[in-house]
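Structure first, then comments.
Hydrogens, waters and symmetry mates play no part in the numbers below; they use all other heavy atoms, side chains included. Residue numbers start from 1 in every chain, and the chains themselves are labelled A, B, ... in the order their sequence lines are given, proteins ahead of strands.
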Amino acid sequence: MRLPLQAGVLLALLTAAASAQGLVTATFQTATGAATVPSGGTVSLTSPSVGTAVNGTITLTYTGTSRLTFPQEPQLIGSTDFFFQPPALPSLLPLQSVSFTVRYTPKSGLAAQAQFGVALQDQTSFAFFTLNLVGTVPQVVVSYVPPGSGSAVVLNNGDTVSFGQSLLNASTDTTFYLTNRGSAPSQVNSLAVTGSAFQLLNLTPLPVQLAPGSQIQFAVRFLPRAVGDATGSLQIGIDTQSIGATLSGTALRTGFSYTLTRNGTTTAIVPGGTIDLGDVPVGDRATAMVVVTNVLALPATLSLIAITGNGFSLTGGPVLPVLLQPQDSTSFQINFVLPSADAATGRLGVGNDSFLVTARSIGPSLRLSYMLGGISNPLALGSTVPFPGTAVGQKSDMQITIRNEGTGQFTAVSLDLGDPAAPFTLSDFPSLPVQIQPNESLTFTASFVPQTPGRATTTLGLNGVAILVLSGNTASGSTLQYSYRISNTDNSLNPGGIVPFPPTSITQTTPAQITVRNTGTSTGTLTSISLGAQTAFLLRDLPVLPLQLAPGATAVFAVDFKPLAAGSYSTTLSVDSTQFGLVGSAPSPPALPSYSFTPSGGAVQPFQQPALGLTLAAAYPIDLQGVLTLSTVSDSFAFDNSVRFANGAQTVTFRIPANQLQAQFPNGATQMPFQTGSLAGSLIITPAFATTTGVDLTPANPQTVKFDIPKLAPVLVAARMEARTLASFTLVLTGYSTTRTLQNLVFEFKDEEGNLIGKPTIDVTGSSRIWYQSGGSQALGGQFGIDIPFVLREGTDVSTSKDLVGLIKTITVQASNEVGQSNLLTTAP
Amino acid sequence: MRRIYRSALLAALSAAAAWTQDLAPSWNAPGSGYVFDSATRTVRPIIGLLGSAFAGPPAIGDVEWACLAPNGRTALVRASGSVTAYSDLAAGGVASFAVDGIETAASCAWSADSRQGAVLTGSQVVWIGWHEGAPMKASAQALPELPDASWNLLAADAKAETVLLALRAQGAASLWTASPAYTPHAVATLQDPVAGVFRAGSGDVFVADAGTRQVVRLNIEDRNAETVLDAGHGIDAPTGLALSTDAARLFVADSKANVILAYDLASRSLVGTLPLIEPAGTFSAFGANRYLVNRRERVEQPLLVLDTSPGQGVSFIPMGAITQ
């Protein structure tokens, strides 16, 4: 019953309240406890949430000596969030009690206030008992600012928070606010997100108290790693409530779509794809229009439009950066033109997207070259063809080739010399005009025939256009003399003569110094120095050619003889038109000396990391390289992936420098460690030897080193207790068995005094066989991990609250297989 | 296949109690945690038990920096400029959280139980703890802004609360400490402090000074310092320090001699020399009593592990390239 507030009643309550203490004592009880309250005091009721009712009970006990009566009905005045149903009020004898229940049902987060009052009277006194009631309730509101929005939205349980569209690998953050708009503190217990594309940011340490009027915030990041729709969830635990929301977003590979318009045809193109402008005649221009459209729901800025590649260019694009509203477009034109036939590729970049751009310029494309001394020399259009110095009355020939490397035919109508009086002639060309198809050539001979001393030049014309300059110098006859030096011995060398190199071991080098001296009275010219087909001779220290050689001057260069394999070698050295023979031989390399390993093999234990060295019995005269290969022969037909060298592989390279004995491994050490693994069987290490140039020196049956790992009893490596409760725990055990078998696990549980309180045995014969046949164990040799859950019961009582596990102070475990029993491994809980 | 055992009966602890047990063993492949492989810029699992272990394929690629906790599963990883905290690498991305504000992390140290880490960034030390599987920035202390300053986190105590920092600025080096309870302050000057290790419960920290070829014991509370080992004891080019569990032995890595020297601290005598097959660097914790000794710079290099337990030594983990 609720009474309207009456000023007179309230005044009476306030003025008489002090005297109630002598008549009654009062307690106020809620769900959380009871307390004695004085008349005129204040008590609180806290509801867990708006709309949830909580009760408080006021109990009055008569402490007088006569009889207590209630002249008026109790009253409750104040907030309508409080409700009071007055009971029938009997009179009370000394120490008898009466109770009044007040219900608080908050309609909002605001604090509510009310006052309870009741009149009291016995034979000697009259008084009022009053109690001030304050009702509070937390009211946490979750809100967030949706991406792209400037205002917050309230999040209700079951809502969906959309992050909209986002580019792949780009992040979008949304801030969430937890605001306590209520009048009682609240506790935020947990925050969690699920979904691989969503992450929590700026997480406040939890749990956290949220005072009335206060706020905390956190953020959820949408960071998609895959194209397409992504979903997740957000869970917020506040007091006893849970608020859940679905998180969603869509990842796009790009924010733009593209179309290509070429020759009136429009097609869609995708980033990473290819834009082909097709075949374009040499010198013609091909164009294509690219239209870029923003397909995002948000404005997007386009900051880059660029193209690379020979012949490609862009025109007509927007001024960057340009802001594209959703569905807005911009466009630009791709151009392609090349002056010669060629295939071109480039790269078009638009924002973060890129495209491969291709085109082919088709038509004839001429490449010029001349042949001298067996060497083809390319010529640029308009360049000079240098003839070697030629004595008056002599002739120097040079083959000139015009090759069509384009994609269209070329017609040669005429070949002519610019100065008919110059001492040059053309010969050996077909009847003109002639068609030069793509990849075909026209070759003819140009000759320099000086009739007088001095320098002569003229142009070479093709179809009336000068394409080359022919240039030659006359030289007095027999002015150049040749000599060579090998091993500090000088020898003269006549044209057509031989330079004999001494026998040279493979990988070794014998140099020869060649000297050209101008013994004449006029300047000579060296135009080319070259070698014929060869595999073991190399030119070195060549002068810059063409070289003017004044009277008395010398030119020096070197020829190295460096055989890579045993055998005989010969080739031709050409100095302009003068040729010489080069001959040499390489004897077969000496046989590899015997070698040994340290250690020399034998029995080794599993789980060891020994180091292996290799030593030659005698020094070898040249550098050696080699490979050690580690292989296993298992007794259990299994594979142990841990059997490796320290470099992480089953092979390791080594070098043995010439005239040294010990193999050196990549880390510079003379020993290479390896792991013996955990399987019974044999480890075999096989060497291979070669010269540094690749000549195989490995014996037909190379000596190997073999290490044997015996079958052993199991070995227990570690044990620890996990998932401990009062009556259960899991023992996590690791170890290995070289036989890949296990039979029994025997446990001993002892108490604090060392008394044995249990000795269970587990037969793992079957389950270990299944483990060793499983894919998970195949690469691990004999290693195993086993989790053994124990549940302890006191009699048949499974609901005991006694700490049964705590009674166990040590656990000792021993394993066995067909060979024997393992070490004893003890762990303390 | 799962088999249930119900037959065993444990002896009674008292006349009133009878105990039974259920055993349902499950088998699995043993592992040795995860490591940051600087040669391949990846975080990789170590498959198998040490002594017969090898590196598996990467769990995380394109890693710029990573700091793994001693439990081998908890880590801070920087990739693409942002730092992600993993509470359990074996759980992959499910247990990962982005951590803002430590993108410039240069080094870090973890508590012995892997539940708290201290991270040195360019300008502050940030303490990160774990609550219900999620990381939280517990506190931070700004470092003084000094010209041309270079900070290095040398060591942290067992709770990763007090950290030891080396400062190089203007040609001088000094030692600093910091914790959530107080701002960083200098405690000593050394020539070239390169490594440190706390002795639990004493306020003592051992510091290797490569400049003076000494190991110094410094009490960070009263700031008293004494030289414990010097060149006369064989200290030449120290790079890493570790203590045995009982704090009786000090292990000193020497990058010139390619060894780890073990000293008895009471007698200050050399009691062991552990040869290394790769040059040693700064130690990082890798489980109870275990330390990673080196960083990989080439794919053929193994990782070296020092076990300070009695009777143990240095073993290697073959790593290889990630294409294996």
Other residues, nucleotides, ligands: >12 heavy atoms within 6.0 Å of Glu753(A) CD: yes
By a 4.5 Å heavy-atom criterion (distance strictly below it), what part of Asn755(A) contacts chain B: side chain, backbone, both, or neither? neither
Closest non-hydrogen contact found for Ala53(B) with Gln675(A) is O-NE2, 2.9 Å
For Ala669(A), is it the side chain, the backbone, both or neither that has a heavy atom under 4.5 Å from a heavy atom of chain B? neither
Heavy-atom nearest pair, Ala29(B) first then Trp771(A), reads N-CH2, 3.4 Å
Hey, what do you get for CD (Gln301(B)) to CG (Asn647(A)), rounding to the nearest 0.5 Å? 11.0 Å
I'd like to check Ser642(A) versus Leu49(B) (side-chain heavy atoms, cut-off strictly below 4.5 Å). Are they in contact? no
Give, as side chain, backbone, both or neither, the part of Leu679(A) having an atom under 4.5 angstrom from any heavy atom of chain B. neither
Applying a strict 4.5 Å limit to non-hydrogen atoms, the region of Leu206(A) in contact with chain B is both
Ser82(B) side, atom OG; Arg221(A) side, atom CZ - distance, nearest 0.5 Å: 7.0 Å
I'd like to know whether Asn28(B) forms a side chain to side chain contact (heavy atoms under 4.5 Å, CB included) with Asp787(A), so could you lay out the CA-CA distance, the side-chain angles of the two residues, the decisive distance to 0.1 Å, and finally the verdict. CA-CA 8 Å; Asn28(B) 53 69; Asp787(A) 296 350; 3.4 Å; yes
Toward chain A, the part of Leu50(B) with a non-hydrogen atom under 4.5 Å: backbone
Please classify the contact between Ser768(A) and chain B as side chain, backbone, both or neither, with a heavy-atom cut-off of under 4.5 Å. both
Which pair of non-hydrogen atoms, one from Gln783(A) and one from Ser52(B), has the smallest distance, and what is that distance? NE2-O, 2.9 Å
Taking atom CG as the centre, does Asp62(B) end up with more than 12 heavy-atom neighbours from other residues, nucleotides or ligands that are less than 6.0 angstrom away? no
Part of Val99(B) within contact of chain A (heavy atom distance under 4.5 Å): neither
So do Phe97(B) and Gln199(A) actually touch side chain to side chain, heavy atoms under 4.5 Å? no
With a 4.5 angstrom heavy-atom cut-off, is it the side chain or the backbone of Tyr736(A) that approaches chain B, or both, or neither? neither
Checking heavy atoms, do the side chain of Gln608(A), its backbone, both or neither come under 4.5 Å from chain B? backbone
Atom pair CG (Leu780(A)) and CZ (Phe54(B)), whose distance is rounded to the nearest 0.5 Å: 5.5 Å
Note: Pro318(B) and Gly648(A) closest approach over all heavy atoms is CB-CA, 3.6 Å
Would one find more than 12 heavy atoms of other residues, nucleotides or ligands at under 6.0 Å from atom CD of Glu103(B)? yes
If you measure only the distance, is there a donor-acceptor pair under 3.5 Å linking the side chains of Trp27(B) and Ser774(A)? no
Top contributor to chain B interface from Asn641(A), Val643(A), Val193(A) [non-hydrogen pairs under 4.5 Å]: Asn641(A)
Just wondering, more than 12 heavy atoms not from Arg78(B) lying within 6.0 Å of its CZ? yes
CD on Gln671(A) to CD1 on Ile277(B), rounded to 0.5 Å: 10.5 Å
Under a 4.5 Å heavy-atom cut-off, does chain A meet the side chain of Asp100(B), its backbone, both or neither? side chain
